[in-house]
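Below you'll find the structure, written out as structure tokens, and then a few comments.
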Amino acid sequence: MAGVIGIGEWAAAGRLTLESFPPGSECGEDEAQRLVELSENCCDHVVVIDASNGDISPIFAAVRSHNPAVGFTSISTDDDLEDNANIKCSFAHDVSSAGYALAAATALCIKTDSEGGAMSPAEIITACLPSPAAETELLRRLLPEPDLSPVSVLEKVISVVAPTEPTSSTTLDPTTPEEWAALRASSHALLDAALDKMEAAKVGRVWNPVPDSMKQSLNAPLPSAGISHPELAAKLETLLPHGVGNTHPRFFGWVHGAGAPGAVLPELVGAAMNANCGGRDHGGIYVERQVLAWSREIMGFPPDSGALLVSGTSMATVIAIKAARDRRLGFTESRTRGLTGVDGGGKLVGYMAKGAHSCLLRAFDILGLGSDALRLVPVKEDFTMDLDALKTAVATDRAAGLTPFVVVGTCGSVNVGAVDDMDALADYASSEGIWFHVDGAFGATAALSPALSPLLKGMDRADSLAFDFHKWLHVNYDAGCVLVRDGDAHLRAFSERPDYLAPSDRGLAAGAHWPVDYGPELSRGFRALKVWSHLTEHGTEKLGAAITRNVEQAAYLAGRVDASPSLRRLAPAAMQIVVFRYEGGAGGDGVPEEEMDRLNDLIVVELQERGIAAPSTTKIEGKLAIRVNITNHRTRFEDLDLLVAEVEKLGKELSDNN
């Protein structure tokens, strides 16, 4: 075969091209065209290594006819290659000499390969590299790949010895091979430390309070001078034990996902790419489009619905409610004149069940509607919205001259995990001409569980849906999503391109619609990568099975609580949340309510501070409850047995001490 190396303008930028022709090549028109393109686009010197003893003069003639200034060097594998290869690739300013040396080394690789690998990679490296330091660096890179072919070795050689442009005096990159080596070593060590932590997630304390010494070190003056990568890695590693604890199987607080070890991989790639995913035509945009297509499929939304990845359900809710508001008031009027300038702008009202997430109240506040404009509808005994009460509230507001514009269904209430009758809410909202939004922060992803998906019936009829990947699907924080059934309404609520963001049919600014056209942020991280990676690694069946298991575990815990004479459950366990409290052997008889609340709050604090478990607290009909949320793929049934035993033990211990 023949190899071709282009050297010159690309070499000056540290880019060398290795081209090869198939064995038996006759150096015809196709090969000539490849060299023409090479000489025109990237180099001013072409080296041809002829291992086929063919006539290569037609190639030279073809290239010279297009680029008379290009230089040539021709080497045959029959030449005295060992001597030629030992011309060190110093890559000084003599392109021809450097090119000849590298070409000779390539030919030697090819000849050695054809003769059965007479030279080892290390011997080839020694023949090709200009200095012991470069040899050491390349050997370090090759250690994990001892069986590389000679040509692959050459490509590694190129990566080490190719000249580069002078380094900027203000660069933030390592500037020497030694600095790069230190960064690699520190990165590998820190990656091992992170994976060690994940591998040991099932053992030890749940929560490790931040020590005073660390708090003091994190209250330091702004640094004017930097530190080395090994020093930085050491500082970063000290943070690993002091997360919130949600990677541990006995973390039961709030609604946190547990993460997964594979999450470190997309974070590495995302950091290396540093892509702004607000728009433009690059790989990150296509990854996000794929994730959004999968999201529509999971949630049963049409392919042309609007969609956007966001930080979480809080931001997703703002986007969805803005689309609902603007459609009701008129997109142009609402966006240009605001609520006070549009007829009826100050009369919009919405509805959600008592116990729905507070992010909805914040969204009404942020959008200028005011939190008072969001009516809290009474709930039934199972903590789901009372539809009759909703109808009464809407009728009352209409009679008062107000404009109902959105009804919010809850798919997993924050206190008890209740799921509203979304089919009934969809029917009612449709009959009244009201936008139907679903808050599915954690509950919506139960759509992946065959056992739970019937509970979500009607969610796929929503006008908009907000949910998180970082909760029950265990994608690393942060990663949420908003879906808007009317894709045009979603687009019209946000799209506005100034001149400096004008779209194009070609180039980097290509693409019909960018993510910025569907939300408020132009500067956006590559959060789609971790979602894509997680779904690709685990698949929906495995993720759905983990959700099903958590609900089974919640039912098991509810049974354990019901069987305990000292514990009392305060609400049905609709999905994965169990709320209960310690009341002692007499069921709390004669103990003031505020004293019982204080005792249960103290139980939770002791569980956390002793590192046993990490539940949280809430209020259920005025009573403080221990709230156990199970959205953790590492949780085992024995963890729940331990929790019950420790709550009973602490309850008695603290009661006796008081």
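- Using cut-offs of 30° and 60° on the angle between ring planes, the pair H256 and W254 is tilted.
- The minimum heavy-atom distance between W472 and A446, with the atom names listed, is CZ3-CB, 4.2 Å.
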Under the salt bridge (Lys or Arg N to Asp or Glu O under 4.0 Å) criterion, do K202 and E638 qualify, and how do the steps go? CA-CA 12 Å; K202 300 182 183 69; E638 51 264 39; over 6 Å; no

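- In this structure, CG in N246 is found 11.5 Å from NZ in K471, a value given to the nearest 0.5 Å.
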Salt bridge (Lys or Arg N to Asp or Glu O under 4.0 Å) for R568 and D562? Distances and angles first, verdict last. CA-CA 7 Å; R568 181 162 72 91; D562 292 344; over 6 Å; no

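- The side chain to side chain contact (heavy atoms under 4.5 Å, CB included) with L602 is formed by just one residue from the set L654, N657, L607; it is L654.
- Annotation: the span from H242 atom NE2 to K215 atom NZ amounts to 10.5 Å, rounded to 0.5 Å.
- Between E288 and R527 there is no salt bridge, since no side-chain nitrogen of the basic residue lies less than 4.0 Å from a carboxylate oxygen of the acidic one.
- Checked by atom type, the side-chain pair S566/E583 shows no donor-acceptor distance below 3.5 Å.
- Annotation: side-chain hydrogen bond (donor to acceptor under 3.5 Å, both in side chains) contacts involving residues 533-543, sequence neighbours excluded, are absent.
- Look at R598 and D601 and you find no salt bridge, because none of the NZ, NE, NH1 or NH2 atoms lies under 4.0 Å from a carboxylate O.
- Atom CZ of R461 has more than 12 neighbouring heavy atoms from other residues, nucleotides or ligands inside a 6.0 Å radius.
- Judged by distance alone, the side chains of T247 and K197 do bring a donor and an acceptor atom under 3.5 Å apart.
- Among all heavy-atom pairs drawn from N632 and A258, the shortest one is OD1-CB, 3.5 Å.
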Derivation and outcome, salt bridge (Lys or Arg N to Asp or Glu O under 4.0 Å), residues E593 and K619: CA-CA 12 Å; E593 196 65 45; K619 286 286 188 79; over 6 Å; no

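- A salt bridge does not link R485 to D463: none of the charged side-chain nitrogens sits closer than 4.0 Å to a carboxylate oxygen.
- The aromatic rings of H474 and H633 lie perpendicular to each other, with more than 60° between the two planes, well past the 30° mark.
- K457 has a carboxylate O that lies under 4.0 Å from a charged side-chain N of D423, or vice versa, which qualifies the two as a salt bridge.
- V407 is not listed as a side-chain neighbour of V377, based on a closest heavy-atom distance of 4.5 Å or more.
- Across V318, V406, D439, a single residue satisfies side chain to side chain contact (heavy atoms under 4.5 Å, CB included) together with L360, and that is D439.
- Side chains of T313 and D468: a donor-acceptor N/O pair is present below 3.5 angstrom, by distance only.
- If you check the side chains of N550 and Q553, you find a donor sitting under 3.5 Å from an acceptor.
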Kindly determine whether R362 and S314 satisfy side chain to side chain donor-acceptor pair (under 3.5 Å), including the steps that lead there. CA-CA 8 Å; R362 289 201 302 271; S314 293; 3.1 Å; yes

Could you go through the salt bridge (Lys or Arg N to Asp or Glu O under 4.0 Å) check for D641 and R560 one step at a time? CA-CA 8 Å; D641 293 332; R560 287 296 314 271; 2.5 Å; yes

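- Between T410 and M385, every side-chain heavy-atom pair lies at or beyond the 4.5 Å cut-off.
- For Y582 and F580, the ring centers are positioned 6.0 Å apart or more.
- D382 and T384 share a donor-acceptor pair across their side chains, judged by distance under 3.5 Å alone.
- In this structure, R627 forms no cation-pi arrangement with F252, as its terminal cationic atom is not both closer than 6.0 Å to the ring centre and no more than 45° off the ring axis.
- The only option from I321, V349, D372 that meets the side chain to side chain contact (heavy atoms under 4.5 Å, CB included) definition with F364 turns out to be I321.
- Side-chain atoms of V579 and R569, non-hydrogen and from C-beta on, never get closer than 4.5 Å to each other.
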